[in-house]
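Report on one structure; see the data block that follows.
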Amino acid sequence: MRLEPVRVDRELHEGGPSSGAFYLGDTLEMLPKLVARYGGAVKVIYIDPPFLTGERFAMRVRVGEAGWRASVGSLRLETFCDDSGRAAFLGMMRRVLAAARALLRDDGMLFVHIDYRTHPYLRLMLDEIFGEDNFLNEIIWAYQSGGRSLKHFSRKHDVILFYRKGAKYDFHVEDVMEAPAAPRSNHMRRHVDPDGRVYRSIRSNGRVYTYYDDDPVAPSDVWTDLGHLQQRDPERTGYDTQKPLKLLNRIVRCASREGECVMDLFSGSGTALEAAKLGRRTFVGVDRCPLAVNLVRRRLAGSAYDIVFADAADGGAAPPACEAEVSDGVGFYRVALRAFAPAPGSLPEGVAGLDAVDNWSVGYLRPDGYRCMASFARSRREPALRLELDAPAYDGELALCVGDVTGRSFYYRIARTPGAQ
Ligand SMILES: C[S@@+](CC[C@H](N)C(=O)[O-])C[C@H]1O[C@@H](n2cnc3c(N)ncnc32)[C@H](O)[C@@H]1O
């Protein structure tokens, strides 16, 4: 049966224990709505904005079963163009940072991830908006990616500016202790305790201080132990500027507790949202790149979250013809996806038919949006498109959603006669 396209501006997923929302749209345009909805309620905000590199960034997207079986991505699709110019960038950041302050709880914290290009400007701007007294750290995230310059020292670190909103803030370094890099041997005597553990001691002002070699230590503001994502790192999503989960885990863990809200106003591939999900916290992400939607569906799977489309879910494209069959089970409907036919020219060359499907789901159209009940996304483990999904019987009109390889989402009503096959 041929399905009727419908417009949807919110997709709802069930799950737990973490929950949150992802907004597809322009952060700047959405700030007033975000402040109205989350003002004073966010515990930690992480911002990894464009760096003013002048580059165009892309995502390597796998297409169809063959693309998911191969070791490299099949398409390179632009995610964002980082060439806004300094004045426009700083104008945007001034509004984003002022809104970030309004979004934070009084005991909340802000992390702004940048590099040498914008660091001096944003440090001054943050001192002005948050107050110099609320500056906590200039964190150096150092990595050893390939490529060495012979014209100057190679630039191998980013800067993360860390501010609190107010004097009483809720920082937990004990949750991010790290293994010691090397034993503290300077001028200390070495001992072995009855359990075989090595410790050092030193006498100072009449007191003896002891330190075990394997005691965890609190991280300093120079982070060299986290590394960066290697080309073939299994964590890689294909999104050019993706940050490592370990980095976001450290940030989320030291600054938030279970159930507290973590927000990322330029969430890209969704690393901060995944870190918050794993820590059983609440997350809110915003990005205007449609490809982020397909990644969010994978990275947030299992939690309760909404995708809110401030920008049209289908990117303004005409909905492709879609065909499916539905059969009744006991307490569920089985939906078989038969055809998805994007119009010629609406997708990159060589992508057609069901190969254009990156993920799909079945659910119900309800007054609050499309409630997803069962979903499938291609993966390296399951590259072939699963063609049948079962939706438990529920209130609302049966529907399906197709996420195509370019990040557009198309929704269709599945008209059915009760009891009919
Ligand atoms: C450096 S990337 C973030 C990467 C992310 N931290 C990750 O781990 O994947 C910057 C992101 O900002 C988004 N972006 C740039 N300008 C934006 C705007 N005005 N509104 C919303 N998103 C924007 C881009 O689409 C991009 O995904």
Side-chain angles (χ1 to χ4, degrees), residues 21-34 44-61 77-97 99-100 103 110-119 122 139 141 143 158-161 226-229 233 235-252 262-278 283-300 307-311 315 406-407:
F22 170 75
Y23 293 81
L24 177 70
D26 190 287
T27 300
L28 209 50
E29 286 170 19
M30 236 170 326
L31 289 176
K33 272 198 189 133
L34 292 172
V44 42
I45 298 183
Y46 170 75
I47 294 181
D48 177 18
F51 281 17
L52 279 191
T53 57
E55 287 176 50
R56 302 178 95 85
F57 290 102
M59 175 172 166
R60 277 174 295 283
V61 175
L77 300 179
E78 183 164 317
T79 51
F80 68 105
C81 180
D82 187 8
D83 69 347
S84 61
R86 192 185 291 152
F89 172 79
L90 294 178
M92 171 180 86
M93 289 309 288
R94 180 168 285 279
R95 289 174 58 193
V96 168
L97 296 176
L103 285 161
L110 172 75
F111 295 82
V112 181
H113 190 146
I114 43 183
D115 74 2
Y116 65 93
R117 298 174 181 91
T118 58
H119 168 217
L122 291 189
I139 298 164
W141 171 44
Y143 39 78
D158 289 1
V159 177
I160 302 172
L161 295 174
L226 301 176
H228 72 294
L229 292 178
D233 197 305
E235 204 179 305
R236 267 200 186 272
T237 59
Y239 205 88
D240 268 353
T241 53
Q242 180 184 352
K243 302 299 180 296
L245 198 51
K246 271 189 190 167
L247 175 74
L248 270 301
N249 273 340
R250 181 169 290 171
I251 289 172
V252 164
V262 174
M263 185 178 265
D264 185 342
L265 293 167
F266 298 87
S267 57
S269 70
T271 314
L273 311 185
E274 185 176 355
K277 169 190 141 175
L278 297 174
F283 46 81
V284 178
V286 185
D287 205 286
R288 68 177 176 199
C289 174
L291 287 161
V293 173
N294 287 344
L295 297 175
V296 155
R297 288 194 182 116
R298 287 181 172 81
R299 298 188 89 173
L300 299 184
I307 300 177
V308 182
F309 295 101
D311 288 349
T406 69

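In this text, all values refer to a predicted model and were calculated from it rather than measured experimentally. Below, each value reflects all heavy atoms present in this structure, side chains not excepted, and no hydrogens, waters or symmetry copies. Indexing begins at 1, ligand by ligand and atom by atom, following the structure's order.
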So is D26 in contact with ligand 1, going by heavy-atom distances below 4.0 Å? yes
At under 4.0 Å between heavy atoms, what of Y239 touches ligand 1? The answer is side chain
Looking only at distance, does D264 have an N or O less than 3.5 Å from an N or O of ligand 1?
no
TODO: Check if V286 has a non-hydrogen atom at a distance under 4.0 Å from any atom of ligand 1.
DONE: no
Heavy-atom donor-acceptor pair, T79 side chain to M59 backbone, under 3.5 Å: no
Nearest non-hydrogen protein atom to atom 15 (C) of ligand 1, with distance, is P50 CG, 3.6 Å
Looking at A275, S269, A272, the heavy atom closest to atom 7 (C) of ligand 1 belongs to S269
Residue, atom and distance of the protein heavy atom nearest atom 20 (N) of ligand 1 read T27 N, 2.9 Å
*Looking only at heavy atoms of A292, does any of them come nearer than 4.0 Å to an atom of ligand 1?*
no
The answer for which part of F80 has a heavy atom under 4.0 Å from ligand 1 is side chain
Review point. Are any of the N or O atoms of Y46 closer than 3.5 Å to those of ligand 1?
Key: no
Open item on the list: Apply ring-ring contact (aromatic ring centres under 6.0 Å, His included) to residues F57 and F80 and explain how you reach the verdict.
Closed with: CA-CA 5 Å; F57 290 102; F80 68 105; 5.0 Å; yes
Ranked by distance from atom 13 (C) of ligand 1, the top protein heavy atom is D287 OD2, 3.3 Å
- Evaluation steps, side chain to side chain donor-acceptor pair (under 3.5 Å), between T271 and R299: CA-CA 8 Å; T271 314; R299 298 188 89 173; 3.2 Å; yes
When rounded to the nearest 0.5 Å, the distance separating CG of L161 from CD1 of I114 is 4.0 Å
